[in-house]
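Okay, structure first, notes after.
The figures that follow rest on heavy atoms only: side chains count, while hydrogens, waters and symmetry mates do not.
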Amino acid sequence: MLKLLMVDDEQWVRERFSERIPWSDAGFMFLGAASGAEEAIRMIERDMPHLLLTDITMPKMNGLELAGYVRKRWPRIRIVILTAYGEFEFAQQAIRLGVNNYLIKLAQTPEQILEACSKVAEEIEQEMDVHQKLEMRNKLEREKDWTNKRQWTDRLMIDDGGSYVLTMPEEWFEGISKARYLASLTLGWNKPADIEEIEHHTEVEHGQLQSQFGEVLEMRLDQRLTGKDNPLIMLPIGQNRICLLIGSRQPFEGFQLNQMALTVLEALKPFEPVRGFIQVGKVRELSKQPLSIRQIADVMREGLDGLAAYFYNPGSPIVGKEAAAFKRMDAELSRDWIAGVVKALQREDASMFLEAASVMMKPSDPAVHPADLLRLTKQIFHPGLLKLPASINPRLARIDRLETWTDYCAWWEGTILAIQEGLENSIQPLAAVRKEIQFMCRYIREHYQEDVQVGELAELVHMHPSYAGQLFKQEVGENVSDYLSRVRMEKASELLERTTMKIYEVSGAIGISDYRYFCKLFKSYTGFTPTQYKSRQI
């Protein structure tokens, strides 16, 4: 598969191209979407694409200037211009720069965009020699294998009940299953970046970085380090962890494992400012029983728990074998913490919010497990129920990337400041939002009991439905159906808190006739069932 990168300063366009177009059908792997030329150049330096799709009208460096820069520095990259303008002068400039095609992005269907890119793909493949095609095929097979492993480990980590219904792929563990001893290293990394930069990083991009780390480690960890005939397997966990399992017929020396850990950390240096940290697991003897899927799951969970110690003590990049003793958050305590913050935000009370949020930053003894802290933070700021200031939306994308207590507290301090400013200005009209969108939002809030559709709203403001939907998403940050659901959940929480209405009556009052669907939707937005919410009088 060929690699494709797109550039556009409008978020709804980036989302459309990244989520709604099946790039693999045209033989492409979508590397990601940059919000501007500078970010695109950094992404190209990290992983050079075969095809670049770029908008023309962008701040600082426009698309034609970017195309000219790319043509000089990376002449083999094909370029397709995307623009909302059809003026002939832009097409003339693009042709002089040697771009491969010129598309009016709002006038093209996904099928037409794929067809244009497929033609470019055919040209690229015709110029490839046998060696390049073989190299690409091998890389594609490796990517498929890596993806399969990540999907397998994701399912394995979800199996909290310990049933382990998954089968263990024999081809992955064949060498290790014959070993007498099993050692493990669990790698994590922290990538410091500006909030604005993180906003545009997709899960695909984080997964690609993880895959690149795996590829580098495969080359660096040869048998001189692991030991002769000692098999090694790497298992990706989530988007930012890798578990390395090493088998051996002889007991491992502590020095040998520490040396491997240092080599792993050294391999990440070319990826600066990424900072790696690693947990050296305890050695298991396998001779008494064959390797099982339960043992693999135990090793992976112990590695993740071990890495959690780095969150509170990031002084050394090598974490010891013994996992720290953390306090786990039970359901009742979690509800109490979430309830205070959510209630303050729903009431738009800045001082109440500050008091409730400060609890999240108070150190405790023993410390709360980092996974619980981040999980609670995501539940608190679930975008479905709360009216969050737009300024904190980029910050929410970073929650899963907070790897230290210092970063976590700094994140909360910045978020508290942004929310307080948003709450103080909440009574003022949003001048940046177009009047048509303000009218659509007001109409939804007045008719939330009805099945409001985009076409109905578009007719009221005299817009084409497609354009109205795109503009609404661009201005509000969510599509019409999600906004309607959020308004309904806000009203439902208010009715549950302030009235004696039964839950099925609340469901009907907000326009949802399916009681079961209402309960499921309410929990997805608030983290609580309607019964839990009502009983605790949140």
With heavy-atom distances below 4.5 Å as the criterion, would you say the side chains of Phe173 and Leu245 are in contact? yes
Neighbour count >12 (heavy atoms, 6.0 Å) for atom CD, Glu45: yes
Report yes if some heavy atom in the side chain of Arg284 is under 4.5 Å from a heavy atom in the side chain of Asp298; otherwise report no. yes
Between CG of Asp55 and CG of Asn62, what distance do you get to the nearest 0.5 Å? 9.5 Å
Indicate the atoms forming the closest heavy-atom contact of Leu66 with Ala40, along with that distance. CD2-CB, 4.4 Å
Do Leu182 and Glu285 pass the side-chain contact (heavy atoms from CB on, under 4.5 Å) test, and can you show the C-alpha distance, the side-chain angles, and the key distance before you say yes or no? CA-CA 6 Å; Leu182 178 67; Glu285 187 175 357; over 6 Å; no
Under 3.5 Å: donor-acceptor pair, side chain of Glu39, backbone of Ser35: yes
Do Leu307 and Gln279 have side chains that approach each other closer than 4.5 Å (heavy atoms only, starting at C-beta)? yes
Drop me the distance from Glu38's CD to Met61's CE, to the nearest 0.5 angstrom. 7.0 Å
Walk me through it: do Glu65 and Met58 pass the test side-chain contact (heavy atoms from CB on, under 4.5 Å)? CA-CA 10 Å; Glu65 293 171 332; Met58 297 187 297; over 6 Å; no
Do you know which two heavy atoms are closest between Arg249 and Lys178, and how far apart they sit? NH1-O, 3.7 Å
Does a side-chain N-to-carboxylate-O contact under 4.0 Å join Arg220 and Glu215? no
Could you give me the CA-CA distance, side-chain angles and deciding distance for Trp23 and Leu114, then say whether side-chain contact (heavy atoms from CB on, under 4.5 Å) is met? CA-CA 7 Å; Trp23 293 110; Leu114 283 177; 3.9 Å; yes
Looking at Asn148 and Lys144, would you say the former's side chain and the latter's main chain have a donor-acceptor pair under 3.5 Å? yes
Stepwise side chain to side chain donor-acceptor pair (under 3.5 Å) test for Asn230 and Gln250: CA-CA 9 Å; Asn230 285 353; Gln250 304 295 328; over 6 Å; no
Please check if atom CD in Glu174 has more than 12 non-hydrogen atoms from other residues, nucleotides or ligands closer than 6.0 Å. no
Heavy-atom distance under 4.5 Å between the side chains of Asn240 and Asn190, does that happen here? no
Expected output: side-chain His369 to main-chain Arg328 donor-acceptor under 3.5 Å: no
To the nearest 0.5 Å, how far apart are CD1 in Ile237 and CD in Gln210? 8.5 Å
Might you point out which heavy atoms bring Trp189 and Arg241 nearest each other, and give the distance in Å? CH2-N, 3.6 Å
Hey, what do you get for OG1 (Thr404) to CG (Leu402), rounding to the nearest 0.5 Å? 7.5 Å
Would you give the length of the straight line joining atom CG of Leu304 to atom SG of Cys243, rounded to the nearest 0.5 angstrom? 8.0 Å
Is the Phe271 to Phe213 ring centre distance short of 6.0 Å? yes
In terms of relative ring orientation, are Trp152 and Trp172 parallel, tilted or perpendicular, with 30° and 60° separating the classes? perpendicular
Leu2 versus Leu51: any side-chain heavy-atom pair under 4.5 Å? no
Trp411-Tyr408 aromatic ring centre distance below 6.0 Å: no
For a 4.5 angstrom cut-off between non-hydrogen side-chain atoms, does Asp9 reach Pro59? yes
Tell me, yes or no, whether the heavy-atom count around Gln295 atom CD, taken from other residues, nucleotides or ligands under 6.0 Å, exceeds 12. yes
Is any NZ, NE, NH1 or NH2 atom of the basic residue among Lys378 and Asp400 found under 4.0 Å from an Asp or Glu carboxylate oxygen of the other? yes
Asp372 to Val368 - nearest heavy-atom pair and separation: CB-CG1, 4.0 Å
Where do Ile416 and Leu354 come nearest, in terms of heavy atoms and distance? CG2-CD1, 3.8 Å
Is there a side-chain contact between Ser184 and Val280, using heavy atoms and a 4.5 Å cut-off? no
Taking the side chain as every heavy atom from C-beta outward, state whether Met29 and Leu4 have any pair of such atoms under 4.5 Å apart. no
Between Arg301 (side chain only) and Met157 (backbone N and O only), is there a donor and an acceptor less than 3.5 Å apart? yes
Both conditions, 6.0 Å and 45 degrees, for the charged tip of Arg142 above the ring of Trp146: are they met here? yes
Are Ile77 and Ile44 close enough, and set up right, to give a side-chain contact (heavy atoms from CB on, under 4.5 Å), and what steps lead you there? CA-CA 10 Å; Ile77 295 179; Ile44 294 172; 3.9 Å; yes
Quick check against the 3.5 Å criterion: does Arg275 have a side-chain atom that pairs as donor or acceptor with the backbone of Leu268? no
What one should report as the nearest heavy-atom pair of Pro370 and Ala308 is CG-O, 3.7 Å
Just by modelled atom types, is the Ala33 backbone N or O under 3.5 Å from a matching donor or acceptor in the Arg14 side chain? no
Rounded to the nearest 0.5 Å, what separates atom OH in Tyr310 from atom OG in Ser316? 9.0 Å
